[in-house]
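Some notes on the structure that comes next.
Protein chains get the first letters and strands the later ones, always in sequence-line order, with residue 1 at the start of each. When reading the values below, keep in mind they use all heavy atoms of this one structure, side chains included, and skip hydrogens, waters and symmetry mates.
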Amino acid sequence: MKKLLFVIGPIALLILWWILTKFGFANSFLLPSPEDTFSRLFGLFSSGEVFNDIRLTFYRWSIGYLLGCVVGIPLGILMGYSEKVYKSCEFLIEFFRSLPVTAMFPLFLLMFGIGDSSKIAMTFTATVFIIIINSAYGVTQTKKSRIKAAKTFGATNFQIFTNVVFYESLPHTLIGMRTTLSLSLIVVIVSEMFIGTQFGLGQRIYDAYTRNSVDELYAVIVLLGIIGYFSNKLFMYMETKIAFWTGK
Amino acid sequence: MDRKVVHIKVDKISKSFKNDEGRIEVLKHVSLEIYKGEFLTFFGPNGCGKSTLVNILAGIEEAGDGEITFPETNGKPKIGFVFQNYRDSLMPWLNVEKNICFPLKLKGITKSEQKERLKTLISEFEINIDLKSKVYNLSGGQAQMVSILRGLIVNPEILIMDEPFSALDYQTNLMLYEELLKIWRKLKITVILISHEIDEAIYLGDRVAFLSKKPASIFKVLNSDLPRPRKLEDMGSQEFAELKKKALEIFRNTAT
Ligand SMILES: Nc1ncnc2c1ncn2[C@@H]1O[C@H](COP(=O)(O)OP(=O)(O)OP(=O)(O)O)[C@@H](O)[C@H]1O
Ligand SMILES: [Mg+2]
């Protein structure tokens, strides 16, 4: 029974939404009814028109995100490994991380043009600094006693790295990856809305807005919510499988 | 057993560390002969340099001055090490089996040979710990036992244990004392154990080496000549009480 409690919130929200629209409490131009929204969402799928948007958004999202991870994790681990490197880079990384990527938007346009590369570059930028910080932090959290134990058993520096430090930093690295997974989705959508493109969920939202198609606007937002929710859940599940020892 | 074969000769070891205020001397002219096959315990005040001393013995740290030699062996003998804090020295991402075999893995020994050696080791002692279980699910005593087995997997000639029992409760310790003595009897290896419990040091050791406050040196070695094999009841015996009295006197002398 307890397991089913999580459906209560969404159901209550749907009922509230339905009441608001049904009895005219909300301006139907600002808030379409749930029936309209979901039937539009269904329509988007049954007509197949949304698939190209999903495909391209996923493409930009995954490339930007994965590049951010592939570049960020080794850099972060190296940075965390040497206190000197850590101390000297800390300010820079914190600075760039704190800059909203969306504020650098024009810069990306100038550098990468209006194609996919600027969107991917923005997604990458939103990902990479946070990944670096988390991986580096994870490495600094490595228990000295485990390194000492490995050394005592004759481990080389490389072995210490692959057999101890890597594992010790993994939980933190994964936290960084999960945080940036949602964040990078936001950035992709925003970049699609502002840097014109033909397909993409961000672009579809923007088009719906210019066409005054509120049903569709809400339908895509609901879709994005579902994508964001399940990607996060899936990642959390993987986290508990990969770094199963965390907190034990 | 001939107890007078010198296994490790510790010759005027000194060691100091840099810290904020300059240097602190931790060890000063520590000299001792450790015999082959004996069970030696080190006893001394907190922070006096016991860990530093055994780290130097194990070759994890360099002596600042002085020399460690192994007169009977060609080169450095194999040494097993058991740490005080088993939780922080076992690898939680490895299961029991892989933790025990960790030193072999580092040496590049094949998986099948690792398994073989583990089987031999386990069969020698009656150990009922599920090899596939996660180390963080073990009780403290089981975890430290895994840690001991990890120290033994390399077939060491010398087993060094840095306060292996100080993080565990008394009852668990009593059980582990028996296990450890059984292992020691069977393998006939030299065991060096740090303790801050005088009962433990006397009960386990053939000799108890007393370390002074920092900078530490050995100022007394007490022969703990209770007959072997020892049983836990021996801790209540007259002889034991007398040894403890001697130890107390030695300690009183250092305090002044
Ligand atoms: N790497 C190091 N750098 C600086 N000082 C150190 C280092 N290792 C140990 N010390 C200092 O040397 C002294 C002895 O440390 P050591 O750990 O050998 O003592 P111990 O007798 O094992 O203590 P405990 O009873 O806490 O286990 C301590 O004052 C400690 O602060
Ligand atoms: Mg110590």
Side-chain angles (χ1 to χ4, degrees), chain A residues 69 73-74 76-77 80-84 87 134-178 235-248, chain B residues 51-52 54-62 76 78-96 98-109 114 133-138 143 146-156 158-164 167:
Chain A
C69 295
I73 294 172
I77 290 183
Y81 211 44
S82 153
E83 210 184 312
K84 282 184 194 133
K87 285 269 186 294
N134 275 278
S135 301
Y137 176 76
V139 174
T140 61
Q141 292 310 99
T142 309
K143 285 246 165 30
K144 292 271 177 300
S145 51
R146 293 209 178 99
I147 294 182
K148 187 185 154 192
K151 260 193 199 146
T152 310
F153 301 131
T156 61
N157 275 335
F158 182 72
Q159 284 179 318
I160 290 176
F161 199 78
T162 51
N163 285 286
V164 183
V165 177
F166 171 75
Y167 288 98
E168 290 260 38
S169 63
L170 196 55
H172 295 278
T173 302
L174 289 171
I175 291 173
M177 286 176 72
R178 177 153 51 85
F235 199 94
M236 273 164 85
Y237 174 75
M238 276 171 27
E239 237 176 295
T240 57
K241 289 286 157 203
I242 298 170
F244 55 85
W245 65 89
T246 313
K248 295 287 167 63
Chain B
S51 295
T52 307
V54 294
N55 287 347
I56 292 172
L57 284 180
I60 313 167
E61 250 169 281
E62 299 250 338
K76 197 170 160 259
K78 269 186 275 183
I79 294 176
F81 208 104
V82 179
F83 301 89
Q84 168 175 5
N85 200 330
Y86 50 87
R87 292 261 177 254
D88 291 344
S89 81
L90 292 173
M91 313 292 161
W93 49 86
L94 300 177
N95 64 17
V96 167
K98 289 191 172 138
N99 261 288
I100 298 176
C101 293
F102 186 65
L104 300 181
K105 187 191 171 199
L106 293 177
K107 289 188 167 55
I109 288 168
Q114 288 180 23
S133 59
K134 311 261 186 264
V135 281
Y136 47 79
N137 288 334
L138 301 178
V146 168
S147 200
I148 293 172
L149 291 171
R150 182 178 64 173
L152 292 172
I153 194 84
V154 294
N155 295 328
I158 300 164
L159 182 67
I160 296 179
M161 308 174 85
D162 187 353
E163 298 203 39

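- No more than 12 heavy atoms of other residues, nucleotides or ligands sit less than 6.0 Å from atom CZ of A/Phe166.
- The nearest pair of heavy atoms linking A/Val164 to B/Phe102 is CG2-CZ, 4.4 Å.
- More than 12 heavy atoms of other residues, nucleotides or ligands shown are found within 6.0 angstrom of OH on A/Tyr81.
- Smallest separation of non-hydrogen atoms from B/Ser89 and A/Ala149: O-CB, 4.0 Å.
- Environment of CZ in A/Phe235: crowded, with over 12 heavy atoms of neighbouring residues, nucleotides or ligands closer than 6.0 Å.
- No donor-acceptor contact under 3.5 angstrom links the side chains of B/Asn137 and A/Lys248, judged on distance only.
- One finds the CH2 atom of B/Trp93 at 15.5 Å from the CD1 atom of A/Ile242 (value rounded to the nearest 0.5 Å).
- For A/Ala150, the parts lying near chain B are the backbone and the side chain together; criterion is any non-hydrogen pair under 4.5 Å.
- For the atom pair A/Lys143 NZ and B/Arg87 CZ, the distance stands at 11.5 Å (nearest 0.5 Å).
- The distance from atom CD1 of B/Ile79 to atom OG1 of A/Thr152, rounded to the nearest 0.5 Å, is 10.5 Å.
- Taken to the nearest 0.5 Å, the CH2 atom of A/Trp245 stands 10.5 Å off from the NZ atom of B/Lys134.
- Closest heavy-atom contact between A/Phe153 and B/Lys107: O-NZ, 3.7 Å.
- Contact between B/Pro92 and A/Phe244 at its shortest, heavy atoms only, is O-CE1, 3.9 Å.
- Formation of a donor-acceptor pair under 3.5 Å by the A/Arg146 side chain with backbone atoms of B/Leu90 is found in this model.
- With B/Phe83 as the aromatic partner, A/Lys148 does not meet the cation-pi criteria of under 6.0 angstrom to the ring centre and within 45 degrees of the ring axis.
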What do the steps show when you test B/Asp88 against A/Lys144 for side-chain contact (heavy atoms from CB on, under 4.5 Å), and what is the final call? CA-CA 9 Å; B/Asp88 291 344; A/Lys144 292 271 177 300; over 6 Å; no
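- We find the NZ-CG distance between B/Lys105 and A/Asn163 to be 4.0 Å, quoted to the nearest 0.5 Å.
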